[in-house]
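The residues of the chain are indexed from 1 along the displayed sequence. Ligands are counted one by one from 1 in listed order, and the atoms in each one are counted from 1 as well.
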Amino acid sequence: MPIALSVKTTHRIDMIDITSSVQKEVSNTGIQDGICAVYVPHTTAGITINEGADPDVCEDIMAKLSELVPSRRGYRHTEGNADSHIKASLMGNSLSVLVENGRLVLGTWQKIFFCEFDGPRSRKVYVKVIC
Ligand code: ZN
């Protein structure tokens, strides 16, 4: 079974840096070299890697997604979260990150972000390191 990280979100739309939690699970496996699969088992949340140094980058991403996919716009899916499903598909629901010497191989400014599009909720992120 994969490791399941718990992520609590506090807004309808949010991007949460989970890099240190993913790294902790990689370290716990003891695996030095491989690939870390990070998978979001939800239909209204996603995952992405982007800049973690300037929080305005995530603010811009969320603002632009909301502009492109407004929350109320005559969608056929009538649960009130049609935009959340679309945003989740735009971001994608999985990542693969290389692991070398027990560390996630990320660029200087890169962080792994859980993307909430229908919060606040309790979410899960599956992590599995393959060597
Ligand atoms: Zn729905």
Side-chain angles (χ1 to χ4, degrees):
M1 277 299 290
I3 297 150
L5 295 179
S6 294
V7 181
K8 273 209 184 310
T9 64
T10 54
H11 299 94
R12 183 166 192 268
I13 297 178
D14 207 355
M15 291 175 70
I16 296 160
D17 181 354
I18 61 167
T19 313
S20 60
S21 301
V22 176
Q23 177 59 59
K24 195 173 138 210
E25 299 305 338
V26 170
S27 300
N28 286 345
T29 67
I31 294 170
Q32 293 298 300
D33 292 284
I35 293 172
C36 178
V38 187
Y39 183 83
V40 172
H42 303 288
T43 60
T44 55
I47 195 154
T48 193
I49 291 176
N50 215 302
E51 182 179 323
D54 180 0
D56 282 344
V57 173
C58 286
E59 292 294 328
D60 285 341
I61 291 170
M62 290 187 286
K64 185 53 75 175
L65 279 173
S66 294
E67 188 185 315
L68 292 169
V69 189
S71 59
R72 307 258 176 225
R73 188 55 70 82
Y75 298 109
R76 295 174 65 94
H77 180 65
T78 54
E79 280 179 346
N81 64 357
D83 65 305
S84 316
H85 291 290
I86 295 167
K87 288 166 183 153
S89 276
L90 288 173
M91 298 305 264
N93 68 350
S94 68
L95 296 173
S96 300
V97 184
L98 298 178
V99 174
E100 274 186 31
N101 301 316
R103 306 291 306 171
L104 293 164
V105 180
L106 292 167
T108 305
W109 308 110
Q110 286 184 317
K111 297 288 183 189
I112 302 169
F113 290 96
F114 178 85
C115 305
E116 176 62 81
F117 296 119
D118 195 21
R121 291 188 192 214
S122 292
R123 301 291 205 171
K124 283 193 187 332
V125 177
Y126 293 146
V127 177
K128 184 147 192 163
V129 184
I130 300 144
C131 60

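We find the OG-CG distance between Ser27 and Leu104 to be 8.0 Å, quoted to the nearest 0.5 Å. With values rounded to the nearest 0.5 angstrom, Ser21 atom OG is found 9.5 Å from Ile112 atom CD1.
Only protein atoms were considered; those of element N, O or S under 2.8 Å from the Zn ion (ligand 1) number 4.
Listed here is the closest heavy atom pair of Met91 and Cys115: CE-SG, 3.8 Å.
Residues Phe114 and Val22 have side chains not in contact (no heavy-atom distance under 4.5 Å, counting atoms from C-beta outward).
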Mind listing the side-chain donor-acceptor pairs of residues 33-47 below 3.5 Å, one per line with the distance, residues two or more places apart or on another chain?
residue	atom	partner	partner atom	Å
His42	ND1	Arg123	NH1	3.4
His42	NE2	Lys124	N	2.9
His42	NE2	Lys124	O	3.3
Thr44	OG1	Arg123	NH2	2.9

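Ion pair Lys87/Asp83 flagged as a salt bridge, since at least one NZ, NE, NH1 or NH2 atom sits closer than 4.0 Å to an Asp/Glu carboxylate oxygen.
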